[in-house]
Amino acid sequence: EPEVTQTPSHQVTQMGQEVILRCVPISNHLYFYWYRQILGQKVEFLVSFYNNEISEKSEIFDDQFSVERPDGSNFTLKIRSTKLEDSAMYFCASSAWGGATGELFFGEGSRLTVL
Amino acid sequence: DAKTTQPPSMDCAEGRAANLPCNHSTISGNEYVYWYRQIHSQGPQYIIHGLKNNETNEMASLIITEDRKSSTLILPHATLRDTAVYYCIVSATDSWGKLQFGAGTQVVVTP
């Protein structure tokens, strides 16, 4: 069964450092997403991406965050200058269709720990 | 705030059906009802979704009331591997994959 893969599974970084989380979505999917989950809290939407553009973003997704699809397979989330509160599990997801017409396939997540 | 209300937890015996309720009294006409689950700290997993008709797939059945203000997810024969947090989410057709997760229902399947 096709799956979304994420790397690294766990990253530890110092506050203020830049972090890039990588995702390989399912190959024929066109819509890509990032979500995050702070330990013990709800899963939160960050951003959706389609046709090389951000479709929608949440208030969490401020200027410190950016997304990119640098080639035909990878989808990345960059945090420019990490803060302690960025410590969370980050989930990438992809879907064949946008909107509410299709299911999202989530990866297993990248755990980010900011010290 | 989440547009759905779910009980925080429920237990189910292995092999029995698990019926998970969800209230979404403010649902709009263009909003679907989605169910996802999250096993431990893994990525959420899609289960099923529907607009107004009842739906069934290999994992579960979704029963939506006629007024669409509530729904029930049915796991027909719960197994230990179904222990997870189950999320009921309403999402509009123009949502661009923006799922609003609530606290969900922690389901524990016991032997």
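The sequence lines fix the lettering, A, B, ..., with proteins before strands; numbering per chain opens at 1.
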Inter- and intrachain pairs under side-chain hydrogen bond (donor to acceptor under 3.5 Å, both in side chains), touching residues 65-75 of chain A, at least two apart: A:Asp71-A:Ser73, A:Asp71-A:Asn74
Rounded to the nearest 0.5 Å, what separates atom [atom1] in [X] from atom [atom2] in [Y]?
| X | Y | atom1 | atom2 | answer |
| --- | --- | --- | --- | --- |
| B:Leu99 | A:Tyr33 | CG | OH | 8.0 Å |
| B:Phe101 | A:Phe45 | CZ | CZ | 11.0 Å |
| A:Glu103 | B:Asn57 | CD | CG | 9.0 Å |

Shared hydrophobic cluster, [X] / [Y] (ILVMFWY, side-chain heavy atoms < 4.5 Å):
| X | Y | result |
| --- | --- | --- |
| A:Tyr31 | A:Phe49 | no |
| A:Met89 | B:Val85 | yes |
| A:Leu21 | A:Leu46 | yes |
| A:Val12 | A:Leu84 | no |
| A:Val19 | A:Val67 | yes |

Under 4.5 Å, heavy atom to heavy atom: which of residues 50-62 of chain A reach chain B? Give them by number, or say none. A:Tyr50, A:Ser55, A:Glu56
Members of residues 106-115 of chain A whose heavy atoms come closer than 4.5 Å to chain B: A:Phe106, A:Gly107, A:Glu108, A:Arg111
Could you look at A:Gln37 and say if it's the side chain, the backbone, both or neither that has a heavy atom under 4.5 Å from chain B? side chain
Where on A:Phe32 is there a heavy atom nearer than 4.5 Å to chain B: the side chain, the backbone, both, or neither? neither
Minimal non-hydrogen separation, B:Tyr87 against A:Val43, with atom names: OH-CG2, 4.3 Å
Tell me whether the count of non-hydrogen atoms from other residues, nucleotides or ligands lying under 6.0 Å of [atom1] in [X] goes above 12.
| X | atom1 | value |
| --- | --- | --- |
| A:Lys83 | NZ | yes |
| A:Arg80 | CZ | yes |
| A:Asp63 | CG | no |

Under 3.5 Å, is there a donor-acceptor pair between the side chain of B:Tyr36 and the main chain of A:Leu104? yes
Is B:Gln38 close to chain A through its backbone or its side chain, or both, or neither, when contacts mean heavy atoms under 4.5 Å? side chain
Tabulate, in ascending numerical order, the residues of residues 40-47 of chain B having at least one heavy atom closer than 4.5 Å to a heavy atom of chain A, or enter 'none'. B:Ser41, B:Gln42, B:Gly43, B:Pro44, B:Tyr46
